[in-house]
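Below is one structure, written out as structure tokens; the observations come after it.
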Protein chains: 2
Amino acid sequence: MSSLTILNQAPHRSAALLVHLARHMRVRSEAAVAPLGLKARHLIALTVLRDQRGSTQAALATTLGVDRTNLVGLLNELECQKLIERRRSSEDRRRHTVELTDTGAELLAKAEFALAAAEDEVLAALDREQREALYGLLQLATAETPASCVAAEASPA
Amino acid sequence: MSSLTILNQAPHRSAALLVHLARHMRVRSEAAVAPLGLKARHLIALTVLRDQRGSTQAALATTLGVDRTNLVGLLNELECQKLIERRRSSEDRRRHTVELTDTGAELLAKAEFALAAAEDEVLAALDREQREALYGLLQLATAETPASCVAAEASPA
DNA sequence: TAAATCGTTTGTAGTTAGCAAACGATTACT
DNA sequence: AGTAATCGTTTGCTAACTACAAACGATTTA
């Protein structure tokens with residue numbers, strides 16, 4: 001255990017690289033999906049909703065990391081385009097359950113096809129295998145809070 | 001080759017996940033490095049500069065994806081803290097060559113240690129190997145434009 | 001009945017970033 | 001030589017995003 005010398009070596013930290021790369025990706029992505037009437041946050045919300053169907057708005061807010069008051073507007077925009085549906089929860093009628101509609105799923109698929117150019121540009125240095133590996137890691141990392149956990153958080157025993 | 005059916009399957013697109021994860025990372029990171037007087041953009045700039053020593057400001061601007069007029073203020077803030085140095089290029093005295101100072105390198109190292117908590121939180125679902133793999137992929141992807149290329153872009157033959 | 005929760009509305013404030021125009025210094029073109 | 005272009009810089013404007021707080025009706029819980 002080199003308890004002292006290890007302090008002189010900088011660890012491998014992904015934070016800056018991740019944010020840096022994501023910035024480029026966000027710019028390119030927004031240009032790619034703009035014709036579909038979507039911005040990055042819509043894309044993220046739809047993507048999260050595809051994995052976490054039936055989340056409550058409070059749960060969605062914590063997952064997305066946005067204020068619940070700001071989430072309202074975001075969901076309104078998506079609901080106007082029939083991409084999502086709000087239903088009252090049968091268990092607790094105060095809550096809204098958010099569901100991805102078929103149109104929403106279709107548009108999300110379209111959007112993902114449209115992202116090809118953006119990803120080719122930003123991930124140019126990665127080959128197909130590496131991109132798949134990156135996708136897997138991202139999928140894993142972002143799935144750290146599955147729907148059940150978030151729902152459990154929102155409604156603690 | 002299922003040329004038709006493939007159109008019905010959404011490809012694996014990392015864009016949304018990447019931006020989503022980076023959003024969380026940015027929030028946690030800023031909280032972590034705030035005591036050092038740094039924000040995410042400073043962190044990114046310093047990180048890029050560590051790899052691309054001696055870039056001109058124009059090259060840095062394109063690498064960072066920010067306007068050159070806005071880069072001036074960012075570099076001013078870093079220079080005030082003696083983290084970087086601007087020198088006139090000997091080849092073209094219009095240009096400023098940006099260098100990471102020793103203090104800058106030290107502070108960057110400190111900052112990266114401070115990011116431990118942030119990464120532990122955001123990348124909780126990844127083990128050590130996976131985090132290292134992610135770091136490698138990010139390093140590879142962000143290095144798509146090495147200093148020479150950027151410099152070449154800035155001063156085409 | 002009283003208190004707490006969920007989604008919602010409204011308003012405020014701060015940060016961020018892009019963009020355009022102009023300038024001095026310097027270099028490149030012809 | 002003279003003209004045009006480039007680099008960094010300053011200034012000012014603008015739009016977008018987000019956090020945050022306060023309050024409300026509907027509903028659930030104590």
Side-chain angles (χ1 to χ4, degrees), chain A residues 19-20 22-24 26-28 30-31 34 38-45 54-80 84-99 150-157, chain B residues 19-20 22-24 26-28 30-31 34 38-45 54-80 84-99 150-157:
Chain A
V19 177
H20 179 44
R23 177 187 163 81
H24 286 287
R26 183 170 50 78
V27 172
R28 314 286 182 180
E30 293 208 334
L38 297 177
K39 294 210 170 185
R41 43 193 151 94
H42 303 122
L43 207 59
I44 296 177
S55 292
T56 68
Q57 293 189 197
L60 252 184
T62 62
T63 301
L64 295 175
V66 301
D67 198 82
R68 65 176 184 176
T69 64
N70 297 109
L71 180 63
V72 177
L74 177 59
L75 293 182
N76 286 345
E77 295 167 4
L78 295 176
E79 202 172 30
C80 277
I84 64 159
E85 270 186 16
R86 281 190 254 220
R87 302 176 194 155
R88 296 227 87 102
S89 168
S90 52
E91 308 168 0
D92 188 338
R93 305 197 45 234
R94 288 172 300 184
R95 296 183 181 172
H96 275 172
T97 275
V98 186
E99 290 273 355
V150 176
E153 261 185 36
S155 67
Chain B
V19 177
H20 178 44
R23 177 188 164 78
H24 285 289
R26 185 170 48 78
V27 172
R28 314 284 182 182
E30 294 208 333
L38 297 177
K39 294 209 170 184
R41 43 198 154 93
H42 303 122
L43 208 59
I44 296 176
S55 291
T56 68
Q57 293 190 197
L60 253 183
T62 63
T63 300
L64 294 175
V66 302
D67 198 81
R68 65 174 183 177
T69 64
N70 296 109
L71 179 63
V72 177
L74 177 60
L75 293 183
N76 285 345
E77 294 167 5
L78 295 177
E79 202 172 29
C80 277
I84 63 160
E85 270 185 15
R86 282 189 254 220
R87 304 176 193 154
R88 298 226 87 102
S89 168
S90 52
E91 307 169 1
D92 188 338
R93 305 198 42 233
R94 289 171 300 185
R95 296 183 181 170
H96 276 171
T97 274
V98 185
E99 291 273 354
V150 176
E153 263 184 34
S155 66

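Throughout, protein chains are lettered first and strands after them, A, B, ... in sequence-line order, and every chain is numbered starting at 1. All values below were derived from every heavy atom in this structure, side-chain atoms included, with hydrogens, water molecules and symmetry-related copies excluded.
Taking every heavy atom of both residues into account, B:Val19 and A:Ala22 meet most closely at CG2-O, 3.9 Å. Among all heavy-atom pairs drawn from B:Arg26 and B:Ala40, the shortest one is CG-CB, 3.8 Å. Nearest heavy-atom pair, A:Gly54 versus A:Thr97, reported as atom, atom and distance to 0.1 Å: CA-CG2, 3.7 Å.
If you check every strand for non-hydrogen atoms under 4.0 Å, A:Gly73 touches nothing. If you check every strand for non-hydrogen atoms under 4.0 Å, A:Arg23 touches sugar and phosphate atoms only.
As rounded to whole Å, 11 Å separates atom P of D:dA19 from atom NE2 of B:His24. Going from atom CG of A:Leu60 over to atom C1' of C:dT8 covers 16 Å, rounded to whole Å. If you measure from atom CG of B:Asp67 to atom P of D:dG8, you get 12 Å, rounded to the nearest angstrom. The distance between atom CZ of A:Arg93 and atom P of C:dT5, rounded to the nearest whole Å, is 20 Å. B:Asn76 has its CG atom 11 Å from the C1' atom of D:dT10, to the nearest Å. A straight line from CD of B:Gln57 to P of C:dT26 spans 15 Å, rounded to a whole angstrom. For the pair A:Leu71 CG and D:dC17 P, the computed distance is 15 Å after rounding to whole Å. D:dT10 atom P lies 11 Å from atom CG of B:Leu75, rounded to whole Å.
Under 4.0 angstrom from either OP1 or OP2 of D:dA16 there lies no side-chain N or O belonging to A:Lys39. At D:dT27, none of the side-chain N or O atoms of A:Arg95 fall inside 4.0 Å of OP1 or OP2 (strictly under the cut-off). Residue B:Arg68 has no polar side-chain atom (N or O) positioned under 4.0 Å from OP1 or OP2 of D:dT9. Remark: A:Asn70 is not in phosphate contact with D:dT18, judged by side-chain N or O atoms under 4.0 Å from OP1 or OP2. Distances shorter than 4.0 Å separate some side-chain N or O of A:Arg41 from OP1 or OP2 on D:dT18. In this model, the phosphate group of D:dT9 is approached by a side-chain N or O of B:Arg86 to a distance below 4.0 Å at OP1 or OP2.
You'll find that the side chain of B:Thr69 is closest to C:dA20, out of C:dG18, D:dT28, C:dA20.
Between the side chain of B:Arg94 and the base of D:dT6, a donor-acceptor pair under 3.5 Å is found.
Nearer to the 5' terminus of DNA chain C, by closest-nucleotide assignment, is the contact made by A:Asp92 (compared with the other of A:Val72 and A:Asp92).
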Given B:His20 and A:Leu64, is the side-chain contact (heavy atoms from CB on, under 4.5 Å) satisfied, shown in steps?
CA-CA 8 Å; B:His20 178 44; A:Leu64 295 175; 4.3 Å; yes
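For the side-chain hydrogen bond (donor to acceptor under 3.5 Å, both in side chains) test with B:Arg86, the passing option among B:Glu99, B:Gln57, B:His96 is B:Gln57; the others fail.
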